[in-house]
Amino acid sequence: MTGEPAKGTRVIALVGPAGAGKTSLAEAMLFAAGTTDRLGSTANGSSIGDSSPEARQRGGSTELNLYNLNYLGDEFAILDVPGSIGFAADGARALAIADVAIVVVDPDPARAPLAAPALRALDELGIPHLIFVNRIDQAHGRVRDLLSALQPMSVSPLIARQIPIRDGEKISGFVDLALERAFKYRPCKESERIEIPSELHDREIEARTHMLEQLADHDDELLEQLLMDQSPPPEKVFQDLARETGESLGVSVLFGSASSSWGVRRLLKALRHEVPGPQSAADRLSVSDPALYVFKIIHGSIGRLALARVLGGKISEGSELKTGEGEHCRVGSLFKVQGEKTQKLSEARAGDVVAVAKVDTVKAGAWLGAGKVPAAVDIEFPARNCAIAIEPADRKDDVKLSGALHRLTEEDGGLIVEHDEANHEIRLRGVNDEHLNTVLAKLKRRYGVEVKSLPPAVGYRESIRKPVRQHGRHKKQSGGHGQFGDVIIEIRPLGRGEGFVFEEKIHGGSVPKQWIPAVQDGVREAMAKGPLGFAVVDCAVTLVDGSYHSVDSSELAFRLAGRLAMQEALTAANPHLLEPMHKMTVVCPSSATSRITSAVAGRRGQMLGLGPREGWTGWDRIEALIPEAELSGLEAELRSQSQGLATYEAQFDHLAELNGPLADKVIQQNVPEPA
């Protein structure tokens, strides 16, 4: 790195915990760059970002915001990534193509752990990043205490670039350690340069020396200068800071206040000189030829658009590209995006983030390339732990609902639509309740589809305890050919998880072979809903005998005889209820572990293991078995016990027998109401 401004649009991702002020920082950056003539506010609804009714009502981001700005001749695209876990999936793909990320944090050291997921994700993805401490005007503790609380969460050392100037208890300015200059904040204006306060002289020397020693860990020339008590020139310091950022050797920390535009111009200058250009992202993603990475699909007033970043060269309207599967695709119109507004472009340069029209078969996460198509980017989405069953309030909206859900799942990587055939349910599966409630609000507002929602059916099953031999006969005479089917079956329980086995031991043709499959079909029909009201599993059935009529026997008759025999056999075989058990893994801060384990135990969870989370200082990993019926509301409970940081993943593990009052309650609730 040379420290000179890089060419091409650079993509800056704003990440961090919900409520830290990411959207406010984006608005302040637009204002400082002269892109807007006023400082937009999320609090009063005047921001360019978070403009959807859902975001306004919630008071926070529900989807990715995209902005473009030019600061002193340098082009930047700003990706404002939602901080709430419920909406984090919307920025997961976008984060992968960022040149740098700004982790926005609160100045309170007690809230520092909230930044851990963002810092860890950036380290794992290898994305250069820095930290912006927002609302510094509201800080009560020392910045040093905040850095001490944040450092265990970062693989790379944190490099304090500034120290605060205080006016009594309030912070009123800062000393820039690289420039060795002091500045006083002015609301919505560039900071005013002042003399370094005399009482900060020793502190400034101490902090600057520490910063230079950190930089010298990766620069032998600087180390030699420090050993010889030589003061390095500013350009040398900035060159090293740029290298530390670009190669993820260190994480610069700056501070300010987005709501007053404090420190934002200093941040923009750091981005100009210290953030690598788009070629760095191209190298990280192995892009060698002109290519588009589609990170989000949006449906708006001008139709379906694919938000994409251009890397490796220029892309023009009408360019012929191909997908990773070799399918060809012609690029439609290109647009520059600013919040909800679009501006048509004739071409996009390397680094640009654009909206692409008429690529209707291309999904989010896909590459389109003019030459070699880059490999797919490995994206980790939040677990979709919450589900609701839905149906349109008006049955005439079935088709509208299907189309609306297709569009919403295209836009939202955290949303999954499932069709549960066994329970005849359409399920929406999302990250948490807040996420799914927002989806329902969009369904109604954007597509005019109102739905009824209820908890999804738990996958209860039933099985048998003892073997039974049962006779089943279907006989009907109504003029002409009648119906006659006669079978004897034996049923027996199987081991848990062994499913269903059908055998036949017919001798002497008592049941003709062509009708044996019909008996099996009848048995399966009876197993679809056993005597307790649920599907039957882990049962073996053997057809041992029967009889037939040369005229009246038929496939239908033997199917009905098989169903009748199985229904009566199941009732006599001591049926019992089975409930699905899920194996879950919870990760949480160690300070919340005892509360989390108590919450799991309170939901009939069985602890399997507890230990430190690998690579995460101060975090634990908990493994447990928990009934599927107890998962409802668990996400919210775990977050309430952990400052919103605990997450879990759960997968079906096995079916376990359920007895006693709980089983009686489930069976009673499943009894249909009398007509």
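As the structure is a computational prediction, the values presented were derived from the model and not from experiment.
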So with a 6.0 Å cut-off around CD of Glu649, is the heavy-atom count from everything else above 12? no
Phe335 atom CZ, neighbour heavy-atom count above 12 within 6.0 Å: yes
Please check if atom CD in Gln651 has more than 12 non-hydrogen atoms from other residues, nucleotides or ligands closer than 6.0 Å. no
For atom CD of Glu498, is the number of surrounding heavy atoms from other residues, nucleotides or ligands below 6.0 Å larger than 12? yes
Within the side chain of Arg330, is there an N or O that forms a donor-acceptor pair under 3.5 Å with the backbone of Gly318? yes
Got a sec: does the CG of Asn659 have more than 12 other heavy atoms crowding it under 6.0 Å? yes
Have His435 and Asp412 got a donor and an acceptor in their side chains that come within less than 3.5 Å? yes
Ring geometry between Trp367 and Tyr293 (parallel below 30°, tilted from 30 to 60°, perpendicular above 60°): tilted
Is it the case that the side chain of Arg120 and the backbone of Gly615 share a donor-acceptor pair, with hydrogens and angles ignored and the cut-off at 3.5 Å? yes
Say you draw a straight line from CD of Gln520 to CZ of Phe500; how long is it, rounded to the nearest 0.5 Å? 5.5 Å
Distance, nearest 0.5 Å, that separates CG of Asp664 from CG of Leu662: 9.0 Å
Spell out, as yes or no, whether a donor-acceptor pair under 3.5 Å connects the side chain of Glu635 to the backbone of Cys386. no
Could you tell me whether His654 atom NE2 has more than 12 heavy atoms of other residues or ligands within 6.0 Å of it? yes
Run the side-chain contact (heavy atoms from CB on, under 4.5 Å) check on Val587 and Asp620 step by step: do they pass? CA-CA 6 Å; Val587 290; Asp620 287 334; over 6 Å; no
Is the backbone N or O of Lys372 less than 3.5 Å from a side-chain atom of Asp289, with the two atoms forming a donor-acceptor pair by type? yes
Is it the case that atom CD in Glu425 sees more than 12 heavy atoms from other parts of the structure closer than 6.0 Å? yes
Donor-acceptor check, side chain of Arg407 to backbone of Ile298, threshold 3.5 angstrom: yes or no? no
Decide side-chain hydrogen bond (donor to acceptor under 3.5 Å, both in side chains) for His549 and Asp486; before the verdict, give the C-alpha distance in whole Å, the side-chain angles of both, and the deciding distance to 0.1 Å. CA-CA 9 Å; His549 189 279; Asp486 184 57; over 6 Å; no
Got a donor-acceptor contact below 3.5 angstrom from the Glu462 side chain to the Val536 backbone? no
Just how far is it from atom NE2 of His474 to atom CG of Leu560, taken to the nearest 0.5 Å? 4.5 Å
Would you indicate whether Arg621, at its atom CZ, is surrounded by more than 12 heavy atoms from other residues, nucleotides or ligands within a distance under 6.0 Å? no
Would you find a donor on one side and an acceptor on the other, under 3.5 Å apart, between the side chain of Ser463 and the backbone of Val537? yes
On a heavy-atom basis, the closest approach of Ala88 and Pro382 is CB-CG, 4.2 Å
Can you tell whether the side chains of Glu63 and Lys442 come within less than 4.0 Å, N to carboxylate O? yes
Give a yes or no on whether the backbone of Asp433 and the side-chain of Asn437 come within a donor-acceptor separation of less than 3.5 Å. yes
Rounded distance (nearest 0.5 Å) linking atom OG1 of Thr323 with atom CG of Leu292: 12.5 Å
Do side-chain atoms of Asn65 reach the backbone of Val81 as a donor and acceptor pair under 3.5 angstrom? no
Assess whether salt bridge (charged side-chain N to carboxylate O under 4.0 Å, His left out) is satisfied between Lys505 and Glu490, documenting all intermediate values. CA-CA 10 Å; Lys505 296 181 179 179; Glu490 293 178 349; over 6 Å; no
Any carboxylate oxygen within less than 4.0 angstrom of a Lys/Arg side-chain nitrogen, looking at Glu579 and Arg604? yes
Any luck finding a side-chain donor-acceptor pair between Asp552 and Gln483 under 3.5 Å? no
For Glu325 and Glu327, indicate whether the former's side chain and the latter's backbone hold a donor-acceptor pair under 3.5 Å. no
Straight-line distance of Leu305 CG to Leu334 CG, nearest 0.5 Å: 10.5 Å
